[in-house]
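Contents: one structure, followed by commentary.
Letters A, B, ... mirror the listed sequences (proteins, then strands); counts begin at 1.
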Protein chains: 2
Amino acid sequence: MKAATVKTITARAANAYSADCPTRQILDRVGDKWAVLILLLVRHEPMRFNALRRTIEGISQKMLSQVLKSLERDGLIKRRAIATVPVTVEYSITPLGATLANAVDPLRDWAEQNLKEVLSAQRRYDAQRKPIAA
Amino acid sequence: MKAATVKTITARAANAYSADCPTRQILDRVGDKWAVLILLLVRHEPMRFNALRRTIEGISQKMLSQVLKSLERDGLIKRRAIATVPVTVEYSITPLGATLANAVDPLRDWAEQNLKEVLSAQRRYDAQRKPIAA
DNA sequence: CGGGATCCGCATCGATACTG
DNA sequence: CAGTATCGATGCGGATCCCG
């Protein structure tokens with residue numbers, strides 16, 4: 001995720017490869033290991049921090065809070081803190097985020113329909129190459 | 001890109017967070033900094049190695065050949081070596097790759113339409129936070 | 001021209017500890 | 001519960017050299 005290291009990289013990376021291409025920037029975000037997952041999770045109902053943490057399971061709290069902040073910064077999700085006894089925080093999707101989620105759907109569908117084909121392509125490729133050469 | 005370090009991570013990462021989710025695996029690929037870019041570039045006409053290199057500009061030959069191999073392995077692009085005097089190699093998209101490219105289109109569109117909004121959301125977010133506090 | 005092999009810095013990410 | 005701060009390992013990715 002670029003967003004975390006804004007100060008260091010932004011300027012350099014920006015013009016490295018056609019900076020004018022919005023696709024790259026969004027792709028970077030979409031490509032984020034967790035960003036889309038979270039977006040899709042909060043899509044239907046708001047979720048709390050630890051709920052997300054438990055659902056994704058494999059993400060560290062560091063990553064989670066980091067990605068969450070990044071998504072909020074982009075205006076894709078919204079953070080809402082409720083002053084209960086132990087603090088409660090809800091993350092929900094924004095209208096903008098919802099439109100992105102929609103744009104991601106075709107990808108989801110493609111993934112579900114074609115993963116097997118991709119996997120078998122990989123096997124075919126690997127088969128005629130190095131058989132790991134134990 | 002996971003593909004490069006198959007031996008080390010695959011097993012672990014696979015079951016870390018719902019391994020059964022094809023979306024994750026495809027997202028990893030789509031998220032690859034360059035993979036989609038390349039896919040989109042070879043989409044219409046076959047391209048040569050250095051042509052890609054020059055077009056993307058910012059990618060190292062290491063990354064390029066690595067991503068290229070990975071995409072070929074996944075059956076998304078096709079490599080064709082022509083035995084000319086200096087070797088000529090053409091990379092073209094496969095039917096499978098083409099369907100993926102199609103699935104990516106909505107994302108492209110979204111990016112182009114909403115990047116400005118995302119950027120202004122970022123500015124708003126940053127404005128009411130730390131003004132860099134030089 | 002199209003890459004493979006190697007070296008290596010530096011950002012990324014996980015684990016741990018602490019706070020409000 | 002919802003995070004922040006610090007530390008430490010690792011592996012990504014760039015640079016360079018070389019080969020077919």
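With sequence neighbours left out, B/Thr88 forms a side chain to side chain donor-acceptor pair (under 3.5 Å) with B/Thr84. In terms of the side chain to side chain donor-acceptor pair (under 3.5 Å) criterion, B/Asp109 has no residue partners (sequence neighbours excluded). Taking the side chain to side chain contact (heavy atoms under 4.5 Å, CB included) definition, one finds that A/Glu112 meets it with A/Arg108, B/Pro22, B/Thr23, sequence neighbours left out.
The CG-C1' distance, from A/Leu68 to D/dT4, rounds to 14 Å in whole Å. Between the NZ atom of A/Lys69 and the P atom of D/dA2 there is a distance of 16 Å, rounded to whole Å. D/dG3 atom C1' lies 13 Å from atom CD of A/Gln66, rounded to whole Å. In this structure, CD1 of B/Ile38 is placed 14 Å from P of C/dG2, rounded to the nearest angstrom. Regarding A/Arg54, its CZ atom lies at a distance of 12 Å from the C1' atom of D/dA2, rounded to whole Å. Note: CG (A/Asp28) to P (D/dC12) measures 17 Å, nearest angstrom. Taking atom CD1 of residue B/Ile56 and atom P of nucleotide D/dG13, one finds them 14 Å apart after rounding to whole Å. Across the protein-nucleic acid pair, B/Leu64 atom CG and C/dC1 atom P stand 14 Å apart, rounded to whole Å.
The stretch residues 45-54 of chain A participates, sequence neighbours left out, in no side chain to side chain donor-acceptor pair (under 3.5 Å) pair at all. Listed by first and then second residue, the salt bridge (Lys or Arg N to Asp or Glu O under 4.0 Å) pairs involving residues 88-103 of chain A are A/Arg80-A/Glu90 (not counting sequence neighbours).
The side chain of B/Arg53 contributes no N or O atom lying less than 4.0 Å from OP1 or OP2 of C/dG2. Side-chain N/O atoms of A/Tyr91 include one lying less than 4.0 angstrom from OP1 or OP2 on D/dG3. Between B/Ser65 and C/dG2 there is no side-chain polar atom (N or O) within less than 4.0 angstrom of OP1 or OP2. Remark: B/Arg48 is in phosphate contact with C/dG2, judged by side-chain N or O atoms under 4.0 Å from OP1 or OP2.
Counting only heavy atoms from C-beta outward, the side chains of B/Leu27 and A/Trp34 never approach each other to under 4.5 Å. Side-chain contact between B/Leu71 and B/Val42: absent, with no pair of heavy atoms (C-beta onward) separated by less than 4.5 Å.
Closest contact between the side chain of A/Asn50 and the listed nucleotides D/dG3, C/dC1, D/dC1 involves D/dC1.
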- Note on the structure: Expected string for nucleotides 14-20 of chain C under the B/S/- scheme (protein heavy atoms, under 4.0 Å, primed atoms plus P, OP1, OP2 as sugar-phosphate) is BBB---B
